[in-house]
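Order of appearance sets the numbers: ligands from 1, and atoms from 1 within every ligand. Computed over heavy atoms, backbone and side chain alike; hydrogens, waters and symmetry mates excluded.
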Amino acid sequence: MTDAARPGSVLVVGGGVAGFAAVRELRRRGFEGELTLVDPEGLPYDRPPLSKEFLTGDADAHRLLLAPPAWFAEHRVALVARRVERLELDDDARPRAVLDDGAVLTADAVVLAPGGRPRPLAVPGGDHLDVAVLRTRADAERLAARLHVGARVTVIGGGFTGAEVASAARAALAEVTLVSASAAPALAAVGPALAARLHGMHAAHGVDVLEGAVTGIDHADAADSAADVPHTVHVRRPDGSETSVTADLVVAAVGIVPDTALAEAAGLAVDGGILVDAAGRTSHPAVFAAGDAVRRRRTDTVPAHAARHWEPALHSGQDVAAAILGEDVSDRGAPWFWSDRHGVHVEGVGLMLPVPGGRIVDRSVRGTVVASFALDAAGRMTGAASVDDPMAVKAARRIIDRGIVVDPDRLADPDVPVKALLRG
Ligand SMILES: Cc1cc2nc3c(=O)[nH]c(=O)nc-3n(C[C@H](O)[C@H](O)[C@H](O)COP(=O)(O)OP(=O)(O)OC[C@H]3O[C@@H](n4cnc5c(N)ncnc54)[C@H](O)[C@@H]3O)c2cc1C
C-alpha cells in the first residue's frame, strides 16, 4: 500500500487486549495518523487475572492495566471513556461512530473489538440482578467482596472460568458447590483424560461437585432480611432426579456470547460473531474487527471455529493493524490458551477433539496423566494440552505448526522430552 492509500485516522472501539493490541501495533508499525480508542471502561486492562489473582486479592487494579496511563500520551492515542452507541456506514462517507453522550467521531478506518458478554443463564430466575457474572473489573470487585470464610457459593458452569471462580472461592474458604452439565468439562480443549483429572481436582479441594442442569433459581425477597436462604438453585441430575442447593451467592459462568450488536445494526455480516477474513476485514472495506467478538471465515462462505482466548485476541488485534496499513499478516498457527485452578497451571494448543481416523495419546507420570495429544489419521499432531508442563505444549505447538508426523509410543513416554519429537 502506498502512503497515500494508508488511512489518515483510525478509530478503535473496545480497549480489551484485542483493541489495545491494534492500537499498539499501529504505532509500532509506524502509523503516524490520528488514533482514537473508545471504551467506557477507560484505561485498557486485562481480563485473565479477574478470575485468578485479582479475585483472590493477590493483584491490585493497577496490575491489570495493559499499559501505564502515560503510554497513551506518549504514543498520541486519544482515550475516550465512552460507549459507542451506533456505527454509521455510508458507502460515500467515512465511518461515523455515535457515542452515548451524542458526540460523533469519524475516521478513515474503524476497528471493532467489543469482546463478548457473559452468556445469559436461560432459566427462571437466571437473569436476577443478584446472579453474579464475571467479565469486567467491576464484576470481579463485587465478586471478591462476597467470597469469604463460610459463604455458601454456588458456581454454575464447570468450564475454565467457572473452575477458576470455584478455586478462588475455596481459597477464600467459602463453601463451594459447582454445578456442571458435564462430567468432564473442557474436553474439546484438553481431551478426556486431562478433563477428568482437572474436574476431579474440585472434589479433592473440598468443592461439592454436582452434575446436572440448572432448571431454575428462587431468590428470597431482598426486603426479608430474616431469610437465611437468599438463593435456591434447582438442578436436574443426569438420572432425571431433582435436587436443590442453597446459596448466599450464585455465580453464572456458562460461557460468553460475542458482542455483535454494533456490527449487526451497522449492517455488517454476522454469524456467531462478526465475520472476518484472516486479516480481520469485515464485510465493509473501512471496518476491521478483532478479538472475542469475531468469527473467522474459513472460506468465503464457511465460518470457522472461533478460539475465544487471550492470545488469539491479541494476535487478531495485531493482524488488523497490519491489514489496515496494507502489510502482510503472519500465519499464527494453532491457537494457544492457559488456565489455572487449585494451584495447577493448564495449557493447551489446537483442538483436542479427535479427527476421523485420529487418536488421543496420553502421557502419564506414576499413573497421573500430565499431557495429552491429538493425532490425525496420518500421525500428525492437531492438539496438545498439559497440566504443569508448559514446555510440552510449547514444543507441541511447533510440532503442530510444522505438520510433523510423530511416533505415538515416544509421545506417550514421559522420559522422552516432547521437543525431541520435533525431529520427527
Ligand atoms: C474472567 C476471565 C478470565 C479469563 N482467563 C483467561 C485465561 O486464563 N486464558 C486465556 O487464554 N483467556 C482467558 N480469558 C479470555 C480473554 O481474556 C479474552 O479472550 C480476551 O479478553 C478477549 O479480548 P477482547 O479485546 O476481544 O475483548 P474484551 O477483553 O472483552 O474487551 C472488549 C472491550 O470492549 C469494550 N466495549 C464493548 N462494547 C463497546 C462499545 N459499544 N463501545 C466502546 N467499547 C465497548 C468493553 O468495555 C471491553 O473493555 C479470560 C476472560 C475472562 C473474562
Side-chain angles (χ1 to χ4, degrees), residues 11-24 36-56 64-66 79-87 97-101 103 105 110-119 132-141 143-144 157 159-165 167-168 186 189 251 253 255-266 273-274 276 280 289-295 306-318 320 335-341 345-349 393:
L11 172 70
V12 179
V13 182
V17 66
F20 176 71
V23 162
R24 186 175 52 193
T36 307
L37 179 60
V38 189
D39 193 318
E41 301 252 17
L43 281 171
Y45 66 85
D46 218 2
R47 283 177 163 69
L50 298 181
S51 49
K52 307 177 184 68
E53 57 268 34
F54 189 69
L55 195 56
T56 52
L64 300 177
L65 295 180
L66 287 164
L79 260 187
V80 180
R82 286 283 169 190
R83 168 169 295 278
V84 173
E85 288 282 331
R86 202 167 67 248
L87 188 64
V98 182
L99 308 190
D100 53 2
D101 62 353
L105 301 175
V110 170
V111 178
L112 286 180
R117 284 176 285 109
R119 184 180 296 285
V133 292
L134 181 52
R135 183 75 195 174
T136 65
R137 181 173 51 209
D139 293 337
E141 280 165 352
L143 196 51
F160 290 121
T161 304
E164 291 185 354
V165 171
S167 171
V251 186
I256 70 151
V257 283
D259 193 337
T260 57
L262 272 181
E264 244 174 308
I274 306 169
V276 294
D292 278 0
V294 307
R295 190 158 184 231
R308 297 204 165 93
H309 295 298
W310 185 88
E311 194 194 66
L314 172 87
H315 285 164
S316 67
Q318 292 170 337
V320 149
W336 170 86
F337 73 90
W338 84 98
S339 179
D340 299 308
R341 73 175 70 174
H345 178 70
V346 186
E347 288 194 19
V349 62
V393 170

Is there a donor-acceptor pair closer than 3.5 Å between any side-chain N or O of [X] and the backbone N or O of [Y]?
X      : Y      : answer
Ser339 : Val346 : no
Arg308 : Asp292 : yes
Arg86  : Ala97  : no
Ser316 : Pro312 : yes

Identify, by atom number and element, the atoms of ligand 1 in contact range of [X], meaning under 4.0 Å from any of its heavy atoms.
X      : result
Val13  : 40 (C), 42 (N), 43 (C)
Lys52  : 5 (N), 6 (C), 7 (C), 8 (O)
Val17  : 20 (C), 23 (O), 25 (O)
Leu262 : 41 (N)
Gly115 : 26 (O), 27 (O), 30 (O), 32 (C)
Pro40  : 43 (C), 44 (N), 45 (C)
Arg83  : 38 (N), 39 (C), 40 (C), 41 (N), 42 (N)
Ala313 : 22 (C), 23 (O)

For [atom], which protein heavy atom lies nearest, and how many Å away is it?
atom                    : result
atom 28 (P) of ligand 1 : Arg135 NH2, 3.6 Å
atom 13 (C) of ligand 1 : Pro48 CG, 3.8 Å
atom 7 (C) of ligand 1  : Trp338 O, 3.2 Å
atom 15 (C) of ligand 1 : Trp310 N, 4.1 Å
atom 48 (C) of ligand 1 : Asp39 OD2, 3.3 Å
atom 37 (C) of ligand 1 : Pro114 O, 3.3 Å
atom 19 (O) of ligand 1 : Asp292 OD1, 2.9 Å
atom 34 (O) of ligand 1 : Gly14 CA, 3.2 Å

State whether the shortest distance between N or O atoms of [X] and N or O atoms of ligand 1 falls below 3.5 angstrom.
X      : result
Arg47  : yes
Gly291 : no
Val84  : yes
Ser51  : no
Trp336 : no
Arg82  : no

Mind listing the closest non-hydrogen atom pair of [X] and [Y] along with its distance?
X      : Y      : value
Val320 : Val111 : CG1-CG2, 3.6 Å
Val38  : Arg82  : CG1-O, 3.0 Å
Ala140 : Leu55  : O-CD1, 3.7 Å
Leu37  : Pro44  : CD2-CG, 3.6 Å

_Leu64 CG to Leu43 CG distance, which is reported to the nearest 0.5 Å_ =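 The CG atom of Leu43 is 11.5 Å from CG of Leu64, to the nearest 0.5 Å.
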*When rounded to the nearest 0.5 angstrom, what is the spacing between CH2 in Trp310 and CZ in Arg47?*
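It comes to 13.5 Å.
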_Could you tell me if Arg137 sits above the aromatic ring of Tyr45, with its cationic atom closer than 6.0 Å to the ring centre and no more than 45 degrees from the axis?_
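So Arg137 does make the cation-pi contact.
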*Full working for salt bridge (Lys or Arg N to Asp or Glu O under 4.0 Å) between Glu164 and Arg341*: CA-CA 5 Å; Glu164 291 185 354; Arg341 73 175 70 174; over 6 Å; no
*If you measure only the distance, is there a donor-acceptor pair under 3.5 Å linking the side chains of Thr136 and Glu41?*
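No, Glu41 and Thr136 have no side-chain donor paired with an acceptor closer than 3.5 Å.
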